[in-house]
Amino acid sequence: MYIYDSVKKEKLKFKSLKPKQVSLYVCGPTVYDDAHLGHAKSALVFDLLKRVLSHDNYKVTYARNITDVDDKIIKKAQEQNKSIKEITDTYTTAYHRDMSALGIQAPDIEPRATESFEAMHEMISALINKGHAYATPAGDVYFDTASDKNYLSISGRVQNEEDTQSRVESSGQKKNATDFALWKSVSDGSLTFSSPFGEGRPGWHLECSAMIEKHLSDQDEAYAVDIHGGGADLLFPHHENEAAQTRCSSNHELARYWMHNGFVNIDGEKMSKSLGNSFFIKDALKSYDGEVLRFYLLSVHYRSNFNFNEDDLLSSKKRLDKLYRLKKRLFGLKVVEEKTSFIEALKETLSDDMNVSKAYALIDEMVSDINEKLDANPKDKVAKREATSNLALVESLLGFGLNNPFEYFQHGFDTTIKTTINDLILQRNEAKKEKNFERSDSIRDEILALGVNIMDTPEGTFWEAKE
RNA sequence: GGCGCCAUCGCCAAGUGGUAAGGCCGGAGCCUGCAAAGCUUCUAUCCCCAGUUCAAAUCUGGGUGGCGCCUCCA
């Protein structure tokens, strides 16, 4: 396995801390709204990573947190006159529903900030004791960035006093402009938690470091986890600060490898609420099968920015269609697992920093190859056996091709229309049998008008939704 | 202003020193009663300039054009 480390900025041969085991921590969502395509991209990328590592015989422990303490959550609760818990429960459930629709497997551990206060308190205390954090007269506890000589080693930034000070609003009580809150003193009665440092709320960066120590870390290792991932925007300040907290409160660095996925833009523009172009997964799912979205969102290398647009999605879907048409040809066959050159090639390609583009190319070529063989000899048992093995791997490694191939092509058609179409097909076949092609073609026009294509095959007449 | 990323066929997109993958679209053909599907086949020298090298899309320098982070953010 090779992984591009976004801190070292080079592709490295992956070496796990413990033999054949991998600890993976990914920054999850703050649950104050529905998940958008950006959340999907990140979750998909690391879902794929876990699958690739697992197929490489690593035992992967994957943790992805839920941030359920946050100012935005409080704001939302006030706006909607609901409790904090109602908000976080609603959107946590929604997040799980959307991720599941995209074929994303649940992480092994899903820690929540509200369940991790003890670990956070311990980390703050350790930082204070070691002289890396201080309390202000106002009751806040800040991390002292000047006390960490390796601060900024993650993002590779250069400290620039003038610049930083002009852009960061200083509370006046911080020692350095870059210092960040570990514990914020709050006493307005909104949402507070008691702590050894007074009533308040934890700083955002703290929960990840604390939960990693609690759930994944081994103090004897030089790194808390093998891999830490998240969106590219988290590199600074979030991951920089996480790393500082861990480094200064314990004896190890946070992660051996850092992975950051690129952004999802909509029609060339950054997705944001202010631009009014946020694209929620649940809305996308109204028009497209979850697997189609998965296939499309995964189709571009994870480190590149992804420009989402409907035209590209549709041409991407046509690629997945070909996989499903092959599945139709193989429908009902039992999978007999056997090694094929395709399987080896696919695993190897994905082990190269998840080269999905090349993986898709391999799939396209494999599908064409099998089709060609089946065209030449529809009973080619060897080809069929190979094909089922190949597709089984695609399903488990990439997570698509899992649907019933007939239903896949009929997304969005209800039973009534399906019945109508099937009736028309029966009528058309009657006409064809009588060689009444005028009638059969006019029936076909009727069927086409319903938004479907039909195809006559040796196995019967099948129909698919157009586009 | 600081730090960083990117620029490959009409569109999407791999390749990062050894002579341009794959998909979509389009053309031609095979198959088909005709279609659809499937198959075959055709279509780029890699933003510009200079340099290093036997050899560069791939390295270096300089342009031009996009974009990201620096404030909450996947």
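Every heavy atom of this structure was used, including side-chain atoms; hydrogens, water molecules and symmetry mates were not. Per chain, numbering begins at 1; letters A, B, ... match sequence-line order.
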Checklist entry - Does any residue of residues 293-306 of chain A have a heavy atom under 4.0 Å from RNA chain B, and if so, which ones, in number order? => result A/Val300, A/His301, A/Ser304, A/Asn305
Next on the checklist: Expected output is a numbered-order residue list: members of residues 90-104 of chain A with a heavy atom under 4.0 Å from any atom of RNA chain B. What is it?
Outcome noted: none
Nearest listed nucleotide, side chain of [X], among [options]:
{"X": "A/Ser42", "options": "B/A74, B/C70, B/G22", "value": "B/A74"}
{"X": "A/Lys9", "options": "B/C70, B/G4, B/G33", "value": "B/G4"}
{"X": "A/Asp312", "options": "B/C12, B/C70, B/A21", "value": "B/C12"}
{"X": "A/Ala361", "options": "B/A74, B/C12, B/G22", "value": "B/G22"}

Checklist entry - Does some side-chain heavy atom of A/Lys322 sit less than 4.5 Å from a side-chain heavy atom of A/Ile363? => result no
Item to check | Within-4.5 Å side-chain heavy-atom neighbours: A/Phe295 and A/Leu323 | outcome: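 Side-chain contact under 4.5 Å: no.
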Next on the checklist: According to side-chain hydrogen bond (donor to acceptor under 3.5 Å, both in side chains), who are the partners of A/Glu310, at least two apart in sequence or on a separate chain?
Outcome noted: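 Counting only residues at least two positions away or on another chain, A/Glu310 forms a side-chain hydrogen bond (donor to acceptor under 3.5 Å, both in side chains) with A/Tyr288.
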Item to check | Set of side-chain hydrogen bond (donor to acceptor under 3.5 Å, both in side chains) partners for A/Ser442, sequence neighbours left out | outcome: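 side-chain hydrogen bond (donor to acceptor under 3.5 Å, both in side chains) list for A/Ser442, sorted by chain: empty.
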Flag yes if more than 12 heavy atoms outside [X] fall under 6.0 Å of its [atom1] atom; otherwise flag no.
{"X": "A/Tyr2", "atom1": "OH", "result": "no"}
{"X": "A/Glu438", "atom1": "CD", "result": "no"}
{"X": "A/Lys433", "atom1": "NZ", "result": "no"}

If you measure from the [atom1] atom in [N] to the same atom in [M], how many Å do you get, rounded?
{"N": "B/G17", "M": "B/A56", "atom1": "P", "value": "14 Å"}
{"N": "B/U53", "M": "B/U19", "atom1": "C1'", "value": "14 Å"}
{"N": "B/A57", "M": "B/A21", "atom1": "P", "value": "13 Å"}
{"N": "B/G27", "M": "B/G15", "atom1": "C1'", "value": "28 Å"}
{"N": "B/U43", "M": "B/A20", "atom1": "C1'", "value": "14 Å"}
{"N": "B/A44", "M": "B/A13", "atom1": "C1'", "value": "14 Å"}
{"N": "B/C39", "M": "B/U32", "atom1": "C1'", "value": "13 Å"}
{"N": "B/C6", "M": "B/U58", "atom1": "C1'", "value": "15 Å"}

Once you apply the 3.5 Å cut-off to both distances, tell me the Watson-Crick or G-U wobble partner of [N], or none.
{"N": "B/G68", "value": "B/C3"}
{"N": "B/U45", "value": "none"}
{"N": "B/C24", "value": "B/G10"}
{"N": "B/U60", "value": "B/A50"}
{"N": "B/U19", "value": "none"}
{"N": "B/U32", "value": "none"}

Next on the checklist: Check A/Asp380 with A/Lys384, please: is the shortest side-chain N to carboxylate O separation under 4.0 Å?
Outcome noted: no
Checklist entry - So, A/Asp71 and A/Arg201, do they make that salt bridge, N to O below 4.0 Å? => result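 Yes, this pair counts.
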[X] [atom1] to [N] [atom2]: how many Å, rounded?
{"X": "A/Leu235", "N": "B/U71", "atom1": "CG", "atom2": "P", "result": "13 Å"}
{"X": "A/Leu323", "N": "B/G23", "atom1": "CG", "atom2": "C1'", "result": "13 Å"}
{"X": "A/Asn265", "N": "B/C67", "atom1": "CG", "atom2": "P", "result": "9 Å"}
{"X": "A/Ile66", "N": "B/A74", "atom1": "CD1", "atom2": "C1'", "result": "13 Å"}
{"X": "A/Asp311", "N": "B/A13", "atom1": "CG", "atom2": "C1'", "result": "16 Å"}
{"X": "A/Leu350", "N": "B/G22", "atom1": "CG", "atom2": "C1'", "result": "14 Å"}
{"X": "A/Lys72", "N": "B/C72", "atom1": "NZ", "atom2": "P", "result": "8 Å"}
{"X": "A/Leu346", "N": "B/G22", "atom1": "CG", "atom2": "C1'", "result": "14 Å"}

Checklist entry - Taking only N and O in the side chain of A/Asn307, is any of them less than 4.0 Å away from OP1 or OP2 of B/C12? => result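 Negative; the distance criterion is not met.
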With a 4.0 Å cut-off on heavy atoms, is [X] in touch with a base, just the backbone sugar-phosphate, or nothing at all?
{"X": "A/Val264", "result": "base"}
{"X": "A/Gly231", "result": "sugar-phosphate"}
{"X": "A/Phe236", "result": "sugar-phosphate"}

Checklist outcome for this item: Result for 5'-nearest mapping on RNA chain B, choosing between A/Arg444 and A/Ser315, is A/Ser315
Checklist entry - Between A/Arg319 and A/Leu234, which has a closest nucleotide on RNA chain B that is more 5'? => result A/Arg319
Item to check | Lys NZ or Arg CZ of A/Lys328 over A/Phe409 ring: under 6.0 Å, within 45° | outcome: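 Judged by the rule, A/Lys328 and A/Phe409 form a cation-pi pair.
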Checklist outcome for this item: Contacts of A/Lys50 meeting side-chain contact (heavy atoms from CB on, under 4.5 Å) (sequence neighbours excluded), chain-then-number -> A/Ser54, A/Val60, A/Tyr62, A/Asp108
Checklist entry - Taking N and O atoms by type only, does the side chain of A/Asp233 place a donor or acceptor under 3.5 Å from a partner on the base of B/G68? => result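 Under the 3.5 Å cut-off, the side chain and the base do not form any donor-acceptor pair.
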Checklist entry - So, do A/Tyr25 and A/His228 have ring centers that fall under 6.0 Å from each other? => result yes
Checklist entry - Relative to each other, are the rings of A/His205 and A/His238 parallel, tilted or perpendicular (30° and 60° limits)? => result tilted
Checklist entry - Under 30°, 30 to 60°, or over 60°: which ring-plane class applies to A/His260 and A/Trp258, parallel, tilted or perpendicular? => result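 Rings of A/His260 and A/Trp258: parallel, under 30°.
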Could you list the protein-to-nucleotides 36-38 of chain B atom pairs, N/O on both sides, closer than 3.5 Å?
unit_1, atom_1, unit_2, atom_2, d
B/A36, N1, A/Asp456, O, 3.4
B/A37, O3', A/Arg325, NH1, 3.3
B/G38, OP1, A/Arg325, NH1, 3.4
B/G38, O3', A/Asn371, ND2, 3.1
B/G38, O2', A/Asp375, OD1, 3.4
B/G38, O2', A/Asp375, OD2, 2.7

Next on the checklist: Among A/Phe462, A/Tyr408, A/Phe331, exactly one meets ring-ring contact (aromatic ring centres under 6.0 Å, His included) together with A/Tyr324. Which residue is that?
Outcome noted: A/Tyr408
